[in-house]
Amino acid sequence: MTVARALEIQDVTTATDVSEATEAPLDGFRIGVTSHRRSRDLIEALERRGASVLHAPALKIAPVQEDMVLIEDTRTIIAAKPDICIATTAYGMRRWCEAADSFGIGEQLLETLSACRMFVRGPKARGAVRAAGLADVGISSDETTATLVDMLLTEGVRGKTVAVQLHGYTDVRQLERLRMSGATVLTVTPYRWVKPDGEDKLPRLIEAVCNGNLDVLTFTSAPAVDAMWSTAHEMGLYRQLIEALKGPVTVAAVGPVTAQPLVDAGLTPLIPDRYRMGALIRLVTEHLSLNHVRRLETKSATIELRGRCLRINGEVIDLAPAPLLLLRALLGAGGAVLSREALSDLLDLRGSVHALDMTVSRLRSSLPDGRLIETVVKRGYRLRA
């Protein structure tokens, strides 16, 4: 196992089981995963914490043997002998070197990079650069390409050739800043995104979000966000998807680059302080544990609702979607009365008194003690304290 791979695995496993105040802090929650690369690590980490995972890779990385553009760009950079090279991602650097090796130009690439000044976007990119036997001379303070470009513009790039290893989401503005300052900019994209196999999975994930059947939707690459937006447009569900992500379903991104197309769509994603998968897992776990666990102590029972998992006095109770939504609202009210009109609107019953009464009846029959749901005459319902 390579050092870089070991660090990747450690990054996930040291999210360890966020002080296991509960053995499974994500028990009852359903989380959507859109990543292709390293999705297994992410899914296993979430499932260890008790989550149910719906996986639908939005995009996958094209096999390197098929990526002739990558090889041609590499040959162009070797021939140009750049003065400066920017490495943005560890995976991109490793894949770039591996691709060059597979086409017999790996040694030429390393000779070219060793002769220029290497700048890296973050610690993981630095690790990959040094693992390749190269040395870097500068690192971004906040793991952004913009900060690296600021550093280069401060020392001056006019007349210099700058090679930039791009990641999955190109920050075109930073490339233009370098060009406007007099640099010749060459780029290489070591991984290219293509549609994954099983193209029906992403539409099913979008429908799950729109129907409120997920608690959190995670992204680890900006192109995956764009792919989801495109598919939602094709399905005629884009507006509904955005509204769901503003409301009942929380969206989370591994870092600000991944988050940008979410922000552009008017969303406010969860973003960890450290742009790592382990930090993302911790943040999602903390968010759900703090904001989406409902508990109520009554005279007859201890009620706890964690996502879709209801426990009464520790016993798991299965509920259909409508009674579950009703109970979540009553728990959120903390014993206060909720009007029949408000509950009817919440359940999208269009004012049907009979439909609301039937939902209340189904909820009562699912509980060990139906008297927990109290009717307040001419007002509505509440949980009996």
Side-chain angles (χ1 to χ4, degrees), residues 4 37 61-62 64-193 221-223 255 257 275:
R37 192 178 74 86
I61 296 171
V64 69
Q65 296 82 359
E66 300 175 9
D67 201 344
M68 296 309 299
V69 173
L70 167 59
I71 299 306
E72 289 307 312
D73 288 343
T74 301
R75 289 189 172 120
T76 298
I77 288 172
I78 290 172
K81 300 186 185 320
D83 304 288
I84 296 167
C85 179
I86 294 176
T88 60
T89 64
Y91 178 68
M93 276 301 301
R94 290 196 301 271
R95 186 177 171 91
W96 190 13
C97 293
E98 290 166 3
D101 280 337
S102 69
F103 280 84
I105 56 174
E107 289 188 11
Q108 292 172 262
L109 174 61
L110 290 179
E111 288 174 5
T112 299
L113 297 181
S114 64
C116 69
R117 302 175 69 222
M118 294 286 300
F119 289 81
V120 296
R121 198 180 63 160
K124 293 176 76 174
R126 168 176 276 173
V129 165
R130 293 184 177 180
L134 303 170
D136 61 274
V137 298
I139 186 171
S140 167
S141 60
D142 59 358
E143 299 187 42
T144 66
T145 306
T147 299
L148 279 182
V149 172
D150 289 342
M151 293 169 59
L152 294 178
L153 297 188
T154 297
E155 66 176 47
V157 295
R158 183 168 298 280
K160 295 182 179 180
T161 299
V162 181
V164 183
Q165 172 255 309
L166 301 175
H167 48 88
Y169 194 68
T170 305
D171 190 341
V172 177
R173 182 170 179 273
Q174 304 313 320
L175 302 180
E176 192 58 29
R177 289 176 67 200
L178 290 169
R179 292 189 181 103
M180 292 292 289
S181 299
T184 298
V185 178
L186 303 175
T187 62
V188 61
T189 306
Y191 44 98
R192 183 168 47 86
W193 300 99
S221 77
V257 173
Y275 312 144

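Of all heavy-atom pairs spanning Leu134 and Leu110, the tightest one is CD2-O, 3.8 Å. Annotation for Thr74 and Ala100: closest pair CG2-CB, 4.5 Å, computed over non-hydrogen atoms. For the residue pair Ala132 and Cys97, the shortest heavy atom distance occurs at CB-SG, 4.4 Å. In this structure, Asp101 and Gly106 approach most closely via the heavy-atom pair OD1-CA, 3.1 Å. In this structure, Thr154 and Asp150 approach most closely via the heavy-atom pair OG1-O, 2.8 Å. Closest heavy-atom contact between Val157 and Leu178: CG2-O, 4.1 Å.
Atom-to-atom distance recorded for Leu109:CG and Ile78:CD1 is 5.0 Å, nearest 0.5 angstrom. Between atom CG of residue Leu153 and atom CG of residue Leu148 there is a gap of 10.5 Å, rounded to the nearest 0.5 Å. Here the CD atom belonging to Gln174 is positioned 12.0 Å from the CZ atom belonging to Arg179, to the nearest 0.5 angstrom. With rounding to the nearest 0.5 angstrom, the CD1 atom of Ile84 is 5.0 Å from the CG atom of Leu152. Taking CG from Asp83 and OG1 from Thr184, the interatomic distance works out to 9.0 Å, rounded to the nearest 0.5 Å. Of the inter-residue distances, the one linking Leu186 atom CG with Ile77 atom CD1 reads 5.5 Å to the nearest 0.5 angstrom.
Side-chain contact between Leu166 and Leu175 is present, with heavy atoms from C-beta onward closer than 4.5 Å. Using a 4.5 Å heavy-atom cutoff, the side chains of Thr189 and Leu70 are not in contact. Looking at heavy atoms from C-beta onward, Val137 lies in side-chain contact with Phe119 at the 4.5 angstrom threshold. Between Pro82 and Thr112, the closest side-chain pair of non-hydrogen atoms falls below 4.5 Å.
Residues forming a side chain to side chain donor-acceptor pair (under 3.5 Å) with Gln108 (at least two apart in sequence, or on another chain): none.
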Please assess Glu98 against Arg95 for the test salt bridge (charged side-chain N to carboxylate O under 4.0 Å, His left out), listing each intermediate value before the final yes or no. CA-CA 5 Å; Glu98 290 166 3; Arg95 186 177 171 91; over 6 Å; no
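By the 4.0 Å N-to-carboxylate-O rule, Glu176 lies too far from Arg173 to be salt-bridged with it.
Formation of a donor-acceptor pair under 3.5 Å by the Arg126 side chain with backbone atoms of Val120 is not found in this model. Under the 3.5 Å distance criterion, the side-chain polar atoms of Asp136 are left unmatched by any main-chain donor or acceptor of Met118.
Counted within 6.0 Å of CD on Glu155, heavy atoms from surrounding residues, nucleotides or ligands total more than 12; the atom is thus considered enclosed.
Among the candidates Glu143, Gln165, Arg121, the single residue satisfying the side chain to side chain donor-acceptor pair (under 3.5 Å) test with Thr88 is Gln165.
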